[in-house]
Amino acid sequence: MYDAVLAPVSVQTLADAMLGEPQAAGRRWRRLAAYRLGWRGLVGKGRAVGEPSAGVVFGYGLLSAVLGLMSWFLMLLVVTAVVRGPFWGFVEHGPIEPGTWGGPTRAGAWTAHGLIAVPCIVAFLFVLWGIAALQAQLVRPLYGLAARKWVLPATIVLAAGSLAFFWSWFEQL
């Protein structure tokens, strides 16, 4: 759920920064972090920091938007892997060619698609979990708590890698 709302909340954060209301962005990220943690009250723990400037809020919103778009893409891959993996036989009705994974039988092809897709689905879900955890750490300064020192560089590297991935994906289309 957190990954699904990451992009829209990031766009709201960018708007908050441009309208000069960084406190609104901090309150929104704090509520979302509390939801992600299951309302366990862990959001308020940590060393306090000062109020962020509009530029910092804009930068964090931009990084979060890139992570949100990457999360949407990964969720699309999860859905595709579920439909085309374990449920391959329900969506593919054509003849089984000799070069098909697991062919020449339909049962072999279905098994091969399922065995390849299930580990990919699990990996995608772990990556989504990691993106959510990293982004939740990134925005802690927006609601007054300090983030660990490695979070911002790691997020920048992940966002740059995501942008490079998107660029290469669009170039092949």
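- For the pair P119 and L115, the tightest heavy-atom approach, listed with the atom from each and the gap, is CD-O, 3.0 Å.
- Under the 4.5 Å side-chain heavy-atom criterion for Ile, Leu, Val, Met, Phe, Trp and Tyr, L134 and V57 are members of the same hydrophobic cluster.
- Residue Y60 comes nearest to L138 through the heavy atom pair CE2-O, 3.3 Å, listed as atom of the first residue, atom of the second, then distance.
- F165 and L76 fall into different hydrophobic clusters, where Ile, Leu, Val, Met, Phe, Trp and Tyr residues are linked whenever their side-chain heavy atoms come under 4.5 Å apart, directly or through other members.
- Taking all atoms of both residues into account, the shortest heavy-atom contact from V78 to F124 is CG2-CB, 3.4 Å.
- Within the model, atoms CZ of F58 and CG of L63 stand 10.5 Å from one another, a figure rounded to the nearest 0.5 Å.
- Between I121 and L125 the shortest side-chain heavy-atom distance falls below 4.5 Å.
- Smallest separation of non-hydrogen atoms from A117 and A81: CB-O, 3.5 Å.
- Using a 4.5 Å cut-off between side-chain heavy atoms of Ile, Leu, Val, Met, Phe, Trp and Tyr, with links allowed through other members, F170 and W167 fall into different hydrophobic clusters.
- Interatomic distance, I131 CD1 to S71 OG, rounded to the nearest 0.5 Å: 4.0 Å.
- Remark: S10 OG to L67 CG distance equals 7.5 Å, nearest 0.5 Å.
- Ring to ring, F73 and W169 are close: their centroids are under 6.0 angstrom apart.
- L69 contributes atom CG, which lies 11.0 Å from atom CG of L74 (distance to the nearest 0.5 angstrom).
- Q135 has its side chain out of reach of T155: every pair of non-hydrogen atoms, C-beta onward, lies at least 4.5 Å apart.
- Hydrophobic cluster membership differs between V5 and L62, with clusters built from Ile, Leu, Val, Met, Phe, Trp and Tyr side chains linked at under 4.5 angstrom.
- Under the side-chain contact (heavy atoms from CB on, under 4.5 Å) criterion, F126 pairs with V122, sequence neighbours left out.
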Could you please spell out the steps behind the side chain to side chain contact (heavy atoms under 4.5 Å, CB included) verdict for V83 and W88?
-> CA-CA 6 Å; V83 171; W88 176 84; over 6 Å; no

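- Side-chain contact check for V56 versus P141: every heavy-atom pair is 4.5 Å or farther apart.
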Mind listing the side-chain donor-acceptor pairs of residues 13-28 below 3.5 Å, one per line with the distance, residues two or more places apart or on another chain?
{"unit_1": "T13", "atom_1": "OG1", "unit_2": "V9", "atom_2": "O", "d": "2.9"}
{"unit_1": "T13", "atom_1": "OG1", "unit_2": "W29", "atom_2": "NE1", "d": "2.8"}
{"unit_1": "D16", "atom_1": "OD2", "unit_2": "A25", "atom_2": "N", "d": "3.3"}
{"unit_1": "D16", "atom_1": "OD2", "unit_2": "R28", "atom_2": "NH1", "d": "2.5"}
{"unit_1": "D16", "atom_1": "OD2", "unit_2": "R28", "atom_2": "NH2", "d": "3.3"}
{"unit_1": "Q23", "atom_1": "NE2", "unit_2": "E51", "atom_2": "OE2", "d": "2.5"}
{"unit_1": "R28", "atom_1": "NE", "unit_2": "Q12", "atom_2": "OE1", "d": "3.2"}

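- Between W129 and Y2, the distance separating the two ring centers is not shorter than 6.0 angstrom.
- You'll find the side chain of M70 reaches within 4.5 Å of the side chain of F166, heavy atoms only.
- Without hydrogens or angle criteria, W72 side chain to A4 main chain gives a donor-acceptor distance under 3.5 Å.
- Expressed to the nearest 0.5 Å, how far CZ of R140 lies from CZ of R148 amounts to 7.0 Å.
- Separating the CG atom in L6 from the CG atom in L32 is a distance of 7.5 Å, to the nearest 0.5 Å.
- Linking ILVMFWY residues whenever their side-chain heavy atoms come closer than 4.5 Å, directly or via other members, leaves W110 and V91 in distinct clusters.
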